[in-house]
*Asks:* 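Sharing a structure here in structure tokens format.
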Amino acid sequence: MANLNIDSIKDRSFDAIVIGSGISGGWAAKEFTELGLKTLILERGRDVQHLKDYPTTNMLPWEFKHHNQVPYDIINENPVISKCYAFKEDAMHFFVKDKEHPYVQEKPFDWIRGYQVGGKSLMWARHTQRWSDLDFEGPARDGFAADWPIRYKDLTSWYTYVEKFAGISGNRDGLAELPDGDFLPPHELNCVEKYFKSHIAKHYQNQRHVIIARCAHLTEVKDVHRQQNRGLCMKRDLCQRGCPFGGYFSSNASTIPWALKTGNLTLRPHSVVESVIYDENKGRATGVRIIDAITKEAIDYFANVIFVNASALNTNLILLNSKSSRFPDGLGNDNGLLGKYVAFHNYRARVSGTYDGYPNHTTDGRRPTSAYIPRFRNLYRQETDFLRGYAAGFGAGRALQRDLSGFGEALKNEILKKDLGPWRVGSHMMGETIPKESNYVKLDSNAKDEWGIPQLKISVDYDDNDEKMVKDYIEQISEMFASAGFTDIRSTDSKQAPGLDIHEMGGVRMGNDPKTSLLNKWNQLHACKNVFVTDGACMTSTSTQNPSLTYMAFAARSAHYAVEEMKKRNL
Amino acid sequence: MYLIHIACTFKPVKEFPLFSSGNSMNRRLAIKQAALLGGAVAFFSSCSEQAKKASIALQKLNLNAKDEELLMKIVEAILPASSSPGAARLNVHHFVLIMVDDCLSPQDQKVFVDGLYSIDAFCKRNFGKRFEKSDKPTQAEMLTAIQNNQDLKEKKEGEIKIMKSFVGMCKRYSLQGFMGSEYYLTQIMPYELVPGRYHGCVPV
């Protein structure tokens with residue numbers, strides 16, 4: 001029996017364990033396996049294999065029983081996930097249903113999750129903007145949160161590194177606030193977007209910009225993408241179903257098959273992580289305890305280094321639940337700040353309008369991205385009565401114009417018409433929120449999930465700074481629209497709860513000072529050096545950029561650092 | 001659902017006399033009786049055809065072949081055959097049934113079924129002619145009048161509200177079903193699964 005046990009432990013021992021197979025976990029696994037480490041990915045959800053497990057990917061609109069609408073009973077049973085823009089008949093199988101994975105909302109928080117191999121990288125919106133020092137220096141300049149322990153120069157080469165492999169399309173715009181990357185050809189701005197771009201540059205003396213968004217689509221296939229068996233983006237704009245061409249970046253299409261190809265990866269789906277195991281004698285983490293999602297059996301896995309990439313809030317949950325006598329309040333939580341300073345992006349406001357120009361032109365085909373307005377508020381100095389600022393999405397297009405008020409032949413004739421209406425323009429905000437101690441997550445003292453793990457209690461809210469920013473966004477974008485001659489300008493504030501932005505961040509923030517942060521500049525827990533966090537939980541502040549690219553860069557950088565440290569026997 | 005089961009424990013009535021006469025005295029009486037009976041008028045008529053089920057499987061709605069046929073006439077009135085097929089030929093009524101069955105709340109489903117059961121009587125009361133027996137242009141006029149709440153003799157706001165909602169649901173799902181149909185998305189506005197291009201500025 002003893003031998004069997006030793007064998008069993010050996011079977012359960014790896015060089016590295018990565019918790020989570022989403023966008024950052026996939027990167028950690030790719031780097032480790034390429035560098036020769038026997039690596040285990042623990043994924044709480046089911047396996048989703050590229051191509052094979054995209055059941056709706058080639059379905060035509062009329063093949064969906066409800067023409068892509070979600071049935072009433074599903075909406076009724078799942079009020080949170082039903083609010084998500086991508087939760088439709090074609091992709092709802094990739095989203096967590098409220099009922100199956102409850103959590104406690106101390107304040108309203110729409111927690112959007114994807115529990116499967118690939119996580120949310122399957123359904124993400126694929127925007128990939130770099131941060132600049134105007135972002136990293138934000139907390140220090142404006143006196144909030146904690147100073148980031150890194151600057152743009154620490155991440156530059158890693159941004160390039162992940163961009164090359166993932167394939168990021170974009171235009172080299174030469175903007176200090178949104179550094180250029182290693183870009184594939186950009187998607188095209190349409191005529192009204194181009195007009196707006198040049199108008200805004202002129203009207204605001206080149207202080208505001210409209211660009212094509214940088215996004216994770218293969219607009220050109222390079223050797224490194226061919227080696228991943230990925231092909232050109234065919235502009236289906238059906239990405240949330242999983243792409244049959246591998247045209248956009250996901251763990252499923254890219255990092256995970258790449259890591260599997262090395263022979264060094266073990267992928268274990270249905271593995272709900274209960275905690276990271278801390279050995280008091282060794283003074284380090286030795287492994288991870290999982291509950292098999294199906295058999296409910298507890299199993300321990302062991303490794304020298306552990307990467308926690310469970311998604312921002314679940315990473316908090318795992319660390320909070322990793323209790324030992326050394327860390328009674330959660331792994332690495334000597335300062336009591338674990339779970340605190342959670343922030344997100346404010347997506348509440350939209351502005352729309354109409355443009356009478358270019359009446360004889362329209363667009364042809366589809367484009368899986370939009371134009372983008374980088375942050376222009378408080379860039380170099382404090383200018384407004386609120387801190388920080390917002391980026392904005394922007395897009396223009398024409399829809400068919402029809403009068404559907406009638407019945408019978410009149411109505412039928414209308415829907416056979418192909419007359420275009422005027423150009424419609426629209427924008428949405430992506431506001432930076434200020435991390436605060438009062439915005440936190442913690443373990444609920446009573447409620448547990450199906451696997452006996454405490455449920456996460458979320459207490460996150462907007463504040464006065466966010467309200468002011470919503471108002472300013474509406475005023476500024478409306479003014480920009482009006483100055484461009486757009487008419488019928490309307491704005492809305494959805495008042496949506498935090499969470500629906502799907503950009504929740506923080507709780508295990510980085511910083512130089514172990515008294516005020518959990519992670520050091522290499523994303524290592526200050527107090528437990530062989531545990532790293534490189535997903536959204538590590539974010540000290542949020543800035544305005546879509547965050548995934550930065551998580552990828554952190555994951556690759558930290559994985560390489562961890563391997564070097566292991567070689568030096570520091571880990 | 002919706003009382004049909006209960007109703008059908010009664011002996012089905014083959015000939016229901018309420019609307020058999022056109023004179024005004026009888027008509028007033030008819031309206032009065034109909035108001036008293038409410039939805040009863042409809043489920044008797046349903047029961048007589050109960051043996052024949054609707055042609056598609058429904059989870060929640062309990063509608064029969066005759067109800068389905070009436071709905072088919074309604075969707076065809078909304079989007080009639082012309083040089084191109086009408087809604088009936090594209091089985092849009094099936095799509096409407098699926099959407100009502102799966103995508104509406106129980107409250108809205110009740111409004112839909114009440115509306116379907118009472119549209120014939122409603123039209124008779126308000127326009128002097130049953131919906132089913134009218135020609136397509138007249139049916140379209142009836143639906144327009146209901147939608148816009150114009151030229152209705154109906155005094156009961158509740159009846160108008162139900163009928164307006166019912167017509168609205170039929171129209172919304174008929175449009176969605178028609179414009180989402182294979183015919184429409186291949187012959188009228190061809191849908192491209194794989195466009196492979198985006199041109200930002202092409203002549204109209």
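Chain naming here is simple, since letters A, B, ... match the order of the sequence lines and numbering starts at 1 in each.
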*Asks:* Within a radius of less than 6.0 Å around CZ of B/R89, do more than 12 heavy atoms belonging to other residues, nucleotides or ligands occur?
*Replies:* no
*Asks:* What distance separates B/Y198 OH from A/T219 OG1, expressed to the nearest 0.5 Å?
*Replies:* 15.0 Å
*Asks:* Can you tell me which portion of A/L411 sits under 4.5 Å from chain B's heavy atoms? Options are side chain, backbone, both or neither.
*Replies:* both
*Asks:* Roughly how far, to the nearest 0.5 Å, is CD of B/Q187 from CG of A/L416?
*Replies:* 12.0 Å
*Asks:* Taking every non-hydrogen pair under 4.5 Å, which of A/A410, A/S405, A/P359, A/A396 racks up the most with chain B?
*Replies:* A/S405
*Asks:* Could you give the distance from CD1 (A/I74) to SG (B/C103), rounded to the nearest 0.5 Å?
*Replies:* 8.5 Å
*Asks:* Taking A/K412 for its side chain and B/P80 for its backbone only, find out whether a donor-acceptor pair lies under 3.5 Å.
*Replies:* yes
*Asks:* Minimum heavy-atom separation for A/I415 and B/L79, please, with both atom names.
*Replies:* CD1-CD2, 3.9 Å
*Asks:* Quick one: what part of B/A87 sits under 4.5 Å from any heavy atom of chain A, side chain, backbone, both or neither?
*Replies:* neither
*Asks:* B/S174 versus chain A, heavy atoms under 4.5 Å apart: side chain, backbone, both or neither?
*Replies:* neither
*Asks:* Look up atom CZ in B/R197 and atom OG1 in A/T363, then write down how far apart they are to the nearest 0.5 Å.
*Replies:* 10.0 Å
*Asks:* Ignoring hydrogens, what is the shortest heavy-atom contact between A/K417 and B/M189? Give both atom names and the distance.
*Replies:* O-CE, 3.2 Å
*Asks:* Tell me, side chain or backbone of A/P244 under 4.5 Å from chain B's heavy atoms, or both, or neither?
*Replies:* neither
*Asks:* Pick out which of B/Y184, B/Y173, B/F95 makes a ring pair (Phe, Tyr, Trp, His ring centres under 6.0 Å) with A/H67.
*Replies:* B/F95
*Asks:* Can you tell me how far the CD atom of B/E192 sits from the NZ atom of A/K235, to the nearest 0.5 Å?
*Replies:* 13.5 Å
*Asks:* Taking side chain as everything from C-beta outward and backbone as N, CA, C, O, which of these in B/I78 sits under 4.5 Å from a heavy atom of chain A? Side chain, backbone, both or neither.
*Replies:* both
*Asks:* Check whether more than 12 heavy atoms from other residues, nucleotides or ligands sit under 6.0 Å from atom CD of A/E409, and answer yes or no.
*Replies:* no
*Asks:* Against chain B, label A/F64 side chain, backbone, both or neither, depending on which of its atoms sit under 4.5 Å from a heavy atom there.
*Replies:* neither
*Asks:* Just how far is it from atom NE2 of A/H66 to atom CG of B/D101, taken to the nearest 0.5 Å?
*Replies:* 8.0 Å
*Asks:* Examine whether an atom of A/L400 lies under 4.5 Å from a heavy atom of chain B, and if so say whether it belongs to the side chain, the backbone or both; otherwise answer neither.
*Replies:* side chain
*Asks:* Please determine whether the number of non-hydrogen atoms from other residues, nucleotides or ligands lying under 6.0 Å from atom NZ of A/K202 exceeds 12.
*Replies:* no
*Asks:* At a heavy-atom distance under 4.5 Å, which candidate from A/R236, A/K194, A/M59 has the highest pair count against chain B?
*Replies:* A/R236
*Asks:* Which answer fits A/D237, side chain, backbone, both or neither, if we ask what part of it has an atom under 4.5 Å from a heavy atom of chain B?
*Replies:* neither
*Asks:* What is the minimum heavy-atom distance between A/R366 and B/L193, and which atoms define it?
*Replies:* NH2-O, 3.4 Å
*Asks:* Select, from B/L143, B/I98, B/N148, B/L175, the one with the greatest count of heavy-atom pairs under 4.5 Å involving chain A.
*Replies:* B/L143
*Asks:* Are B/D108 and A/Y72 packed together at the side-chain level, in the sense that at least one heavy-atom pair is separated by less than 4.5 angstrom?
*Replies:* no
*Asks:* B/L185 versus A/L60: any side-chain heavy-atom pair under 4.5 Å?
*Replies:* no
*Asks:* Write down the atom of B/A140, the atom of A/F407, and the distance for their closest heavy-atom approach.
*Replies:* O-CB, 3.8 Å
*Asks:* What part of A/V70 lies closer than 4.5 angstrom to a heavy atom of chain B: side chain, backbone, both or neither?
*Replies:* backbone
*Asks:* Please state whether the side chain, the backbone, both or neither of B/T144 comes within less than 4.5 Å of a heavy atom of chain A.
*Replies:* both
*Asks:* For the candidates B/K136, B/M99, B/K171, which exhibits the highest count of non-hydrogen atom pairs separated by less than 4.5 Å from chain A?
*Replies:* B/K171
